[in-house]
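Keep in mind that this is a model prediction, so the values were computed, not measured.
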Amino acid sequence: MLFSKAERMFLGFVLCVSGALGAERSICVLKGSSVSLTCFAEDPAAPKTWYYRKENKTLSAVKETSDNSTSVNYNITADGTLTIRNVNKSDEQSFCCQESNKNPKGFFCLENSTKLHVADLQVKVFPASEGQKVTLMCSSSCPLTESPAAFIWYQNGEFLYEDWSPWYQELVSSDQAVRYSCAIKGYEDLRAPDVSVDLIHPGCFSVTYSNGEMCQEKLKPAEGPCSITYPRDVRVQIVDETDYITVTCSTSCPAADAHTGFIWYWNRKAFMDCTSQDIMLFKSEDYVSCVVKNNEYIYSAEMCTNSGNLNYVSRTLCMLEGDSVSISSKYTKKHSAQASWLSWYKVKRDMKEEADATLIEAGGRVEQHNVNNYEHTLIIHNLMKDDSGEYMFTLNKYQKCERPDLLGAILVVTGLKVTMTPSDVVTQGQRVTLTCSTSCPLSEDITYMWFFNEQPLRLDGGYNKHVVLNAVRRRHAGNYSCAIRTPQNINSAVETLTVRDGDKTAIVAMNITRIVFLLLLPLVGCKLYLMLRKRKTATRTAKPSEKVEMEEEISLYEIVPQTA
C-alpha cells in the first residue's frame, strides 16, 4: 500500500462499490492522493476515451497531461484505466468511459459513470459529555472508499501514536501552545491542518485552525490561521403563535451567535438551506432540531409537539471491550406510541449522505427497556469492537427515516494497550513513559492498575494512566500490563520493556571530564584569589566612584566559581 509520495493511490474498484452496472457509482479519496478508475466499456479490446460530465449533463473528453507534471495530471493506460494524480476539489466530477468510435453522448457512458468525491482531512473538535473538556476526532468530509488501516496523531508536529479508531484517546483542555493534527497510515504526507484549543468555559470553547480554509468565508483572514468560538450546547425554543410557531436555536454562548451558522432538521432531514438562528413553521406533529454548521457534533435535542424533547442521555460513549453499555433516549413528556412500535436502529452512513438503518432486536447480548413511556434504554453486554457505531431511537418502526441526517448516540468500543515512549527498547538512564492507552477518551474518574511481571506494581502517585521511569535501570526490564478496575477487571495484553547497557565509551569520557574538572577547580580558585588581592591593593589609590565600580566588578567574579 506504500507508494512514493507522487504515486500514492486509493484504488477505485468501482464494480465493488456499486455492485452492478447501470447506475452511477461513488468513490471518495483524500485530497492530494491518487485514484485509478476502471473502464467498463462493452468492447474491452477497443480504444477507449474517458469523459467527465458537466452540470448540464454534456460530456467533455479528458485530456492526458505529462507524468512529470507537478500539478494534477491524468493518465490513461492501454487497458483503459484512468489514473488521476494529486486529486483536487476541482476533480469532483462524474467520469465515464466508452469506445472511442462511439457517440460521446451515448447512454452507456452516461448511465455507467463514477462520481468522484474529494475529502479534506480535518481534526473535528466538540465538547465532551462530562466536565469542561473537549474531544478530538480525525474526520474526512466524506467516508473514504478505502477503509483506513489506522489513524496517526501528532502533537506539535511530532508523532504521538497510531490506532484503528479516529478518536483522540485523551480529553483535551485549553492550551493554545499545543497543536494537534492527524493523518491516515500510508498517507502521512497528507496531514490534516493543525488545530489548538484556546479557551474552554461553561458556555463556550474556542478553536484555532492553522488553515484559514476551515473557517466560514466571513471569518477567514487574508492569510494565516483563523479562530472560531463554538457554543458547548444548543437547544430548540418554540414560541407558539396563532397559526404557526417561531423556532429558535438557542445557544449557551450568545457572544458567538453572530458568527455561528445553523442547520435545521425537520423529521430528521435537513430543512431547506436556511442557516439563520430563527425559523417559522406551521403547526404540526413533527420533529424539529438544529445543529451548529460545520460542527455536526453540537446539536440540540429533537422537539416534537406531541412528545416533547427527545434527547440522548449521553451523546458520545467510550466503553471497554467486554463491558456493558446503556444507551438511553429520554422524552420530556409522556408519549402515546405503542410498545410494539418502539425501535432502536444502528445507523451506517455512506458518501451520498444516505443512511442504512438496521433494526436491533432484543435477545442474546441485547436488552431493551421502556420506562413509563418517557425513557427508552438499549443495553448491550459483553461489548465487542464491531458494536462501535451510531444508534438512534424512533417511536414508529414503520418510519425509521431512510435518511436520518441527524446524529444519534455515538458508541466507541476500545481495548487497553500498554504503549512505551520513546520505545520499548531503551538504554540505561533514559526516561521512559508507560501509558495505558485506549482508542477513545474514557471518563476521568477511572482507576488504573499496573502489573510488572504479573505482580501488582505499587506506585507512589496513585492509580494513574501513566507511569514514568525517570532513569530506567536493568531491574526495570520485564513485562508490563495494565487494567481498569471494573466488575470484569478488564486487562491489556503484556508488553515487554528491554533495557540495554549504556555506551561504555561515553561513560568513560564523562568520568574523565569530571576528574579533570575537579583537578582544575583549585587552580582556578587560587588564580581568582591572587586577582582579588591585586585589585584590592589598587583600590587604595582609586577615587570613590572608581572604587564602587571596582567592588561591583569583584562581586560579579565571585559568582563564577560558585556557579561553576
Side-chain angles (χ1 to χ4, degrees), residues 1-18 21-121 140-148 183-184 186-192 213 351-352:
M1 180 174 137
L2 297 174
F3 297 83
S4 66
K5 182 174 180 179
E7 298 292 332
R8 296 179 181 221
M9 296 189 179
F10 281 104
L11 298 178
F13 297 107
V14 278
L15 193 61
C16 297
V17 173
S18 65
L21 295 174
E24 183 173 68
R25 308 156 193 86
S26 292
I27 59 175
C28 176
V29 300
L30 277 178
K31 180 182 177 182
S33 66
S34 299
V35 62
S36 291
L37 305 179
T38 303
C39 182
F40 295 103
E42 294 174 324
D43 185 358
K48 303 171 187 66
T49 303
W50 277 91
Y51 302 92
Y52 66 90
R53 187 170 62 185
K54 298 182 178 179
E55 292 183 0
N56 58 6
K57 294 191 176 182
T58 60
L59 299 177
S60 294
V62 173
K63 297 180 180 180
E64 288 190 274
T65 59
S66 171
D67 286 339
N68 296 324
S69 172
T70 56
S71 61
V72 176
N73 63 82
Y74 300 86
N75 180 50
I76 302 174
T77 60
D79 64 355
T81 299
L82 170 64
T83 300
I84 308 174
R85 296 185 177 87
N86 195 15
V87 175
N88 212 326
K89 282 289 185 181
S90 59
D91 296 302
E92 285 194 325
Q93 308 279 355
S94 290
F95 294 87
C96 65
C97 172
Q98 66 180 39
E99 290 86 345
S100 301
N101 58 1
K102 283 199 172 185
N103 185 343
K105 295 184 180 180
F107 285 105
F108 180 87
C109 189
L110 286 171
E111 293 298 320
N112 295 278
S113 57
T114 300
K115 175 64 177 178
L116 177 61
H117 298 266
V118 181
D120 283 314
L121 197 64
S140 58
S141 52
C142 58
L144 298 171
T145 301
E146 181 185 36
S147 297
I184 291 175
Y187 306 92
E188 289 84 351
D189 54 310
L190 304 177
R191 292 188 195 180
E213 293 180 3
M351 67 193 69
K352 295 180 181 179

So CD1 of I84 and CH2 of W50: to nearest 0.5 Å the spacing works out to 8.0 Å
Value rounded to 0.5 Å, distance of NZ in K115 from CZ in R25 | 14.5 Å
Heavy-atom nearest pair, V35 first then I27, reads CG2-CD1, 3.7 Å
Is it true that a side-chain atom of K31 and a backbone atom of K89 form a donor plus acceptor pair closer than 3.5 Å?
-> no
Quick one: pull up OH in Y74 and OH in Y52 and give me the separation to the nearest 0.5 Å.
-> 8.0 Å
Non-hydrogen atoms of L30 and Y187 that approach each other most closely = CD1-CB, 4.4 Å
Residue pair K48 / I76, side-chain heavy-atom distance below 4.5 Å | no
Check whether any side-chain heavy atom of V29 lies under 4.5 Å from a side-chain heavy atom of T145, and answer yes or no.
-> no
Residues that T81 engages under side chain to side chain contact (heavy atoms under 4.5 Å, CB included), provided they are two or more places apart | S36, T77, D79, T83
Non-hydrogen atoms of V118 and C142 that approach each other most closely = C-SG, 4.5 Å
Would you indicate whether the side-chain heavy atoms of H117 and S26 approach each other to under 4.5 Å?
-> yes
Counting distance only, does the side-chain N/O of Q93 pair as donor-acceptor with the main-chain N or O of D91 below 3.5 Å?
-> no
Kindly give the heavy-atom pair with the smallest separation between N86 and S34, and that separation in Å.
-> N-OG, 3.7 Å
